[in-house]
There are 2 protein chains.
Amino acid sequence: MLTISQVSEQTGLTPYTIRYYEKIGVLHEPKRSNGGARVYKESEVSYIQCLNKLKKLGLSLEEITEFTREGCVMDKIQQGENPSNYNPTLKKRIEILEKHLMGLESRRQEIDYMISLAEEKLTLYQELTKEDIVNSR
Amino acid sequence: MLTISQVSEQTGLTPYTIRYYEKIGVLHEPKRSNGGARVYKESEVSYIQCLNKLKKLGLSLEEITEFTREGCVMDKIQQGENPSNYNPTLKKRIEILEKHLMGLESRRQEIDYMISLAEEKLTLYQELTKEDIVNSR
DNA sequence: TTACAAGTTAGAGTCAACTAGAAGTCAAGA
DNA sequence: TCTTGACTTCTAGTTGACTCTAACTTGTAA
């Protein structure tokens, strides 16, 4: 069991940010100690680390909330709850997930494009410096 | 030669945004008509479209400015100016470019990771619905 | 020449995502 | 018991990236 500052250390988020995420619903409310302090499970840390990755991919906190909510259902299923409880919404959830996947794939394509642009520039620069060395002799 | 609203139409940015980008230095100042209105070259449109792509990759406007500044030197070189004019700063520029390339590549890796996560979830969901169909009979 | 659309600048407002401060609570050790 | 440090809530401020308004100018068509 971890305090907010331990979670902060392990995830790189400040306690301010962690509380803020909780307030806006990105993180669900953790249990409290007798004194009212937030008490986190280890799993919360990896959850936040996953969240950080999504953030780095340029997803907004709203998108992340939507995306990670997919996980809640999965958690419950893995904990042995009956999958048919979620049947009515499954189709919609799959659609959302597919949309996200498509989004991610187009992002990857764009990154590939940018990498090729950058590599091209780099090659040109490097050729340039070689020429320069020759010219400056 | 294009007006700001034509550029706006072609790029999907509002005139407000275009002027804002100019103000903060993401776009350099275009020529003006006699009346003082901004006049854009066709090339400016593709420049902005490239900029939009970088934005979608999650780069901040500051990062984009840094990144696209690499292009200015290249433009000059391609226009036939003497590369040795840029010699003293070339090494630094290459370093910046390499840093960007590394950044882009790590972004790609993370996207790949997220895609694999999403695909895994999707597979699980799809297996789940199949089961559900069987169970619900 | 007048009306109107489309441009101009300066500056204020908005929204997301934090970030910090104030004032108070709680538990543990001197 | 008192102090200290880490927490609490509430609220206000900041930053990045727009977005809009007000007041004005310019170009063109009737």
Side-chain angles (χ1 to χ4, degrees), chain A residues 1-42 44-45 47-69 103 107 110, chain B residues 1-42 44-45 47-69 100 103 107:
Chain A
M1 292 299 185
L2 306 161
T3 65
I4 199 164
S5 57
Q6 286 170 321
V7 173
S8 164
E9 257 175 50
Q10 287 188 39
T11 60
L13 298 181
T14 66
Y16 297 129
T17 309
I18 295 168
R19 282 190 284 260
Y20 170 70
Y21 281 3
E22 185 188 318
K23 192 176 153 197
I24 63 166
V26 176
L27 296 176
H28 32 264
E29 295 181 15
K31 289 187 178 158
R32 300 294 181 122
S33 68
N34 288 341
R38 288 166 180 81
V39 171
Y40 295 91
K41 290 181 278 176
E42 291 285 349
E44 205 67 11
V45 171
Y47 186 87
I48 292 172
Q49 275 156 354
C50 173
L51 194 153
N52 274 339
K53 275 185 183 148
L54 288 164
K55 226 173 29 170
K56 276 185 200 152
L57 296 175
L59 275 81
S60 69
L61 291 179
E62 210 181 328
E63 284 174 309
I64 290 173
T65 311
E66 192 191 347
F67 186 87
T68 52
R69 266 194 201 130
R107 267 170 221 242
E110 299 203 335
Chain B
M1 292 300 185
L2 306 162
T3 64
I4 198 164
S5 55
Q6 287 170 320
V7 174
S8 164
E9 257 174 53
Q10 287 187 40
T11 60
L13 299 181
T14 68
Y16 297 129
T17 308
I18 295 167
R19 283 190 285 259
Y20 169 71
Y21 281 4
E22 187 188 317
K23 192 177 156 195
I24 63 166
V26 177
L27 297 175
H28 31 262
E29 295 181 15
K31 290 188 177 154
R32 300 292 182 126
S33 68
N34 289 341
R38 288 167 180 80
V39 172
Y40 295 90
K41 289 181 279 178
E42 291 284 347
E44 204 66 14
V45 172
Y47 186 87
I48 292 172
Q49 276 156 353
C50 173
L51 194 153
N52 275 339
K53 274 184 186 154
L54 288 165
K55 227 175 24 170
K56 276 186 200 153
L57 296 177
L59 275 80
S60 71
L61 292 178
E62 210 180 330
E63 285 175 310
I64 290 172
T65 310
E66 192 190 348
F67 185 89
T68 52
R69 261 190 207 135
H100 272 295
R107 265 170 221 249

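The analysis underlying the following values was restricted to heavy atoms, covering all of them including side chains, and did not include hydrogens, waters or symmetry mates.
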### Query
Once you round it to whole Å, what is the distance between C1' of C:dC18 and CD of A:Glu22?
16 Å
### Query
For B:Asn52 and D:dA17, what is the distance between atoms CG and C1' respectively, to the nearest whole Å?
13 Å
### Task
Look at the side-chain N and O atoms of A:Arg38 and state whether any lies under 4.0 Å from the OP1 or OP2 oxygen of D:dC7.
no
### Task
Take atom NZ of A:Lys31 and atom C1' of D:dT8, then tell me their distance rounded to the nearest Å.
20 Å
### Task
Report the nucleotide, chosen from C:dT8, D:dT11, C:dC18, that has the shortest atom-to-atom distance to any side-chain atom of A:Tyr20.
C:dC18
### Query
Is B:Ser33 touching bases, backbone alone, or none of the nucleic acid, heavy atoms closer than 4.0 Å?
nothing
### Task
Using only side-chain N and O atoms of A:Arg19, determine if any of them is under 4.0 Å from OP1 or OP2 of D:dT9.
no
## Note on the structure
From the candidates D:dC7, D:dT19, D:dA17, the one with an atom nearest any side-chain atom of B:Tyr16 is D:dT19
### Message
Nearest whole Å is fine: how far is D:dC7 P from A:Ile18 CD1?
### Response
10 Å
### Query
So do the side chains of B:Arg38 and B:Pro15 get within less than 4.5 Å of each other, counting heavy atoms only?
no
## Note on the structure
Result for 5'-nearest mapping on DNA chain C, choosing between A:Gly35 and A:Leu13, is A:Leu13
### Query
Looking only at heavy atoms, what is the nearest atom pair of A:Leu27 and A:Glu44, with distance?
CD2-OE2, 4.2 Å
### Task
In whole angstrom, give the distance that lies between atom NZ of B:Lys23 and atom C1' of D:dG16.
13 Å
### Message
What's B:Thr3 touching, base or sugar-phosphate or nothing? Going by heavy atoms closer than 4.0 Å.
### Response
sugar-phosphate
### Query
Of all the nucleotides listed (C:dG7, C:dA17, D:dC18), which has the minimum atom distance to the side chain of B:Thr17?
D:dC18
## Note on the structure
Nearest heavy-atom contact between B:Tyr21 and B:Leu61 is CE1-CD1, 3.6 Å
## Note on the structure
Between CD1 of A:Ile4 and C1' of D:dT9 the distance, given in whole Å, is 12 Å
### Query
Is the distance from OP1 or OP2 of D:dT26 to the nearest side-chain N or O of B:Arg32 less than 4.0 Å?
no
### Summary
A:Leu2 CG to D:dA6 P, in whole Å, measures 16 Å
### Task
Establish, with yes or no, whether the OP1 or OP2 oxygen of D:dC7 is under 4.0 angstrom from a side-chain nitrogen or oxygen of A:Ser5.
yes
### Query
Rounding to a whole Å, what distance do you find between A:Asn34:CG and C:dA28:P?
10 Å
#### Entry: Residue pair A:Thr65 / A:Gly25: nearest heavy atoms and the distance that separates them
CG2-O, 3.7 Å
### Task
Would you indicate which nucleotide in D:dC18, C:dA17, D:dC7 comes nearest to any side-chain atom of B:Tyr21?
D:dC18
### Message
So A:Ile24, base contact, sugar-phosphate only, or nothing? Heavy-atom distance under 4.0 Å.
### Response
nothing
## Note on the structure
From the list B:Ile4, B:Val7, B:Ile18, side chain to side chain contact (heavy atoms under 4.5 Å, CB included) with B:Leu13 holds only for B:Ile18
